[in-house]
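What follows is one structure encoded as structure tokens, with my remarks underneath.
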Amino acid sequence: DMSNLRLLNETNVSSTVTKVNVENVFSADFDIYKIVFDNFFANGQDNINLSFINSSGSELRGSSDYAYADLNCQTNASFTESRDTANDDILAFCVIGSSAGESANGVLYTFNPFLSSSYTFVNHQNSSIRASVNQNKKGIAVLQQAVSVTGFSFFINGSNSFTSGVIRTYGLRVDS
């Protein structure tokens with residue numbers, strides 16, 4: 001019996017970088033992709049942001065390319081909502097800490113990225129610890145362009161960097 005998930009790419013962060021690009025993973029083979037990120041650490045407290053990459057390798061970062069909404073469920077404070085209808089990336093979809101044990105982990109599902117006649121949709125859920133506070137973010141987002149997307153970028157806007165982590169991208173087969 002075949003699995004409905006096919007591992008397409010595993011990208012390991014092993015040096016201090018502000019951006020991790022995963023390119024040429026979306027194709028006509030799948031409509032839905034599962035992206036799992038594990039044990040992401042940074043050298044300072046910051047936010048992980050997301051943008052998509054087109055087939056020519058360019059990041060899609062126009063000023064109103066993305067709309068998103070998320071709920072941040074914190075253990076030490078009231079839950080907060082973030083949203084925007086016109087941003088140049090999917091901003092702060094996950095927070096990241098800087099101390100030992102403060103890793104960020106999560107799952108994103110991406111729908112129809114390769115299809116040039118459709119917007120690219122995302123839903124995500126992740127958990128992290130920042131400044132000893134447990135945080136769980138859930139959200140949705142859309143790239144408001146009907147373009148063919150073949151990859152994505154995790155990045156930090158601030159002065160901090162990723163120091164380790166792994167991203168696994170799977171194609172999800174849907175049986176008819």
Find out if a path of hydrophobic residues (ILVMFWY) with successive side-chain heavy-atom gaps under 4.5 Å connects [X] to [Y].
{"X": "L7", "Y": "V174", "result": "yes"}
{"X": "I32", "Y": "V107", "result": "yes"}
{"X": "V36", "Y": "V166", "result": "no"}
{"X": "F111", "Y": "L172", "result": "yes"}
{"X": "V122", "Y": "F155", "result": "no"}

Find the distance between [atom1] ([X]) and [atom2] ([Y]) and round it off to the nearest 0.5 Å.
{"X": "I96", "Y": "I48", "atom1": "CD1", "atom2": "CD1", "result": "4.0 Å"}
{"X": "Y109", "Y": "Y170", "atom1": "OH", "atom2": "OH", "result": "10.5 Å"}
{"X": "L108", "Y": "L50", "atom1": "CG", "atom2": "CG", "result": "6.5 Å"}
{"X": "L8", "Y": "F26", "atom1": "CG", "atom2": "CZ", "result": "9.0 Å"}
{"X": "E10", "Y": "T169", "atom1": "CD", "atom2": "OG1", "result": "9.5 Å"}
{"X": "K138", "Y": "D70", "atom1": "NZ", "atom2": "CG", "result": "12.0 Å"}

Donor-acceptor pairs are to be reported for all side-chain atoms of residues 80-91 against protein atoms at under 3.5 Å, with residues two or more places apart or in another chain.
{"from": "E81", "atom 1": "OE1", "to": "R83", "atom 2": "NH1", "distance (Å)": "2.9"}
{"from": "D84", "atom 1": "OD1", "to": "A86", "atom 2": "N", "distance (Å)": "3.0"}
{"from": "N87", "atom 1": "ND2", "to": "D89", "atom 2": "O", "distance (Å)": "3.0"}
{"from": "N87", "atom 1": "ND2", "to": "D89", "atom 2": "OD1", "distance (Å)": "3.2"}
{"from": "D88", "atom 1": "OD2", "to": "R61", "atom 2": "NH2", "distance (Å)": "3.3"}
{"from": "D89", "atom 1": "OD1", "to": "L91", "atom 2": "N", "distance (Å)": "3.2"}
{"from": "D89", "atom 1": "OD2", "to": "R61", "atom 2": "NH2", "distance (Å)": "3.4"}

Point to revise | All ring-ring contact (aromatic ring centres under 6.0 Å, His included) counterparts of F30, not counting sequence neighbours | key: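 In terms of ring-ring contact (aromatic ring centres under 6.0 Å, His included), with neighbours along the sequence ignored, F30 is linked to Y33.
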**Study point:** Under the ring-ring contact (aromatic ring centres under 6.0 Å, His included) test, residues paired with F162 that sit two or more places apart
**Key:**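 Counting only residues at least two positions away or on another chain, F162 forms a ring-ring contact (aromatic ring centres under 6.0 Å, His included) with F40.
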Practice item. Identify, with sequence neighbours excluded, every residue that meets salt bridge (charged side-chain N to carboxylate O under 4.0 Å, His left out) alongside K19. Key: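 With sequence neighbours excluded, K19 shows a salt bridge (charged side-chain N to carboxylate O under 4.0 Å, His left out) to E59, given in chain and number order.
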Atom of [X], atom of [Y] and distance for their closest heavy-atom approach:
{"X": "A141", "Y": "Y68", "result": "CB-CB, 3.8 Å"}
{"X": "T18", "Y": "S161", "result": "CG2-OG, 3.6 Å"}
{"X": "F121", "Y": "V142", "result": "CE2-CG2, 3.5 Å"}
{"X": "A67", "Y": "Q144", "result": "CB-OE1, 3.5 Å"}

Would you please name every residue forming a side chain to side chain donor-acceptor pair (under 3.5 Å) with [X], sequence neighbours left out?
{"X": "S153", "value": "N21"}
{"X": "N9", "value": "T11"}
{"X": "N105", "value": "S103"}
{"X": "Q145", "value": "D65"}

Exercise for review: For I167 and F152, run side chain to side chain contact (heavy atoms under 4.5 Å, CB included): C-alpha distance rounded to whole Å, both residues' side-chain angles, the deciding distance at 0.1 Å, then the answer.
Suggested key: CA-CA 11 Å; I167 303 171; F152 60 93; 3.8 Å; yes
Exercise for review: Verify side chain to side chain contact (heavy atoms under 4.5 Å, CB included) between F114 and T150, making sure each step is shown before the conclusion.
Suggested key: CA-CA 6 Å; F114 191 74; T150 57; 3.9 Å; yes
**Study point:** Pairs flagged by salt bridge (charged side-chain N to carboxylate O under 4.0 Å, His left out) wherever residues 20-40 is involved - sequence neighbours left out
**Key:**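 Non-adjacent pairs meeting salt bridge (charged side-chain N to carboxylate O under 4.0 Å, His left out): D38-R168.
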Exercise for review: Take V13 and F154, measure what side chain to side chain contact (heavy atoms under 4.5 Å, CB included) needs, and give me the verdict at the end.
Suggested key: CA-CA 11 Å; V13 179; F154 279 19; over 6 Å; no
Exercise for review: Test side chain to side chain contact (heavy atoms under 4.5 Å, CB included) on T110 and V149 and set out the steps.
Suggested key: CA-CA 10 Å; T110 303; V149 168; over 6 Å; no
Practice item. Please list, chain by chain and in numerical order, all residues satisfying side chain to side chain contact (heavy atoms under 4.5 Å, CB included) with S56, sequence neighbours excluded. Key: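 Partners of S56 by the side chain to side chain contact (heavy atoms under 4.5 Å, CB included) criterion, ordered by chain and then number, come out as N54, S58.
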Check your understanding: Hydrophobic cluster mates of I53, side-chain heavy atoms under 4.5 angstrom, ILVMFWY only, any path?
Key -> none
What pairs of donor and acceptor atoms, side-chain ones from residues 124-135 against any protein atom, are under 3.5 angstrom apart with sequence neighbours left out?
{"from": "N126", "atom 1": "ND2", "to": "F93", "atom 2": "O", "distance (Å)": "2.8"}
{"from": "S128", "atom 1": "OG", "to": "V95", "atom 2": "O", "distance (Å)": "3.2"}
{"from": "R130", "atom 1": "NH1", "to": "D46", "atom 2": "O", "distance (Å)": "2.8"}
{"from": "R130", "atom 1": "NH1", "to": "N47", "atom 2": "OD1", "distance (Å)": "3.4"}
{"from": "Q135", "atom 1": "OE1", "to": "N72", "atom 2": "ND2", "distance (Å)": "2.8"}

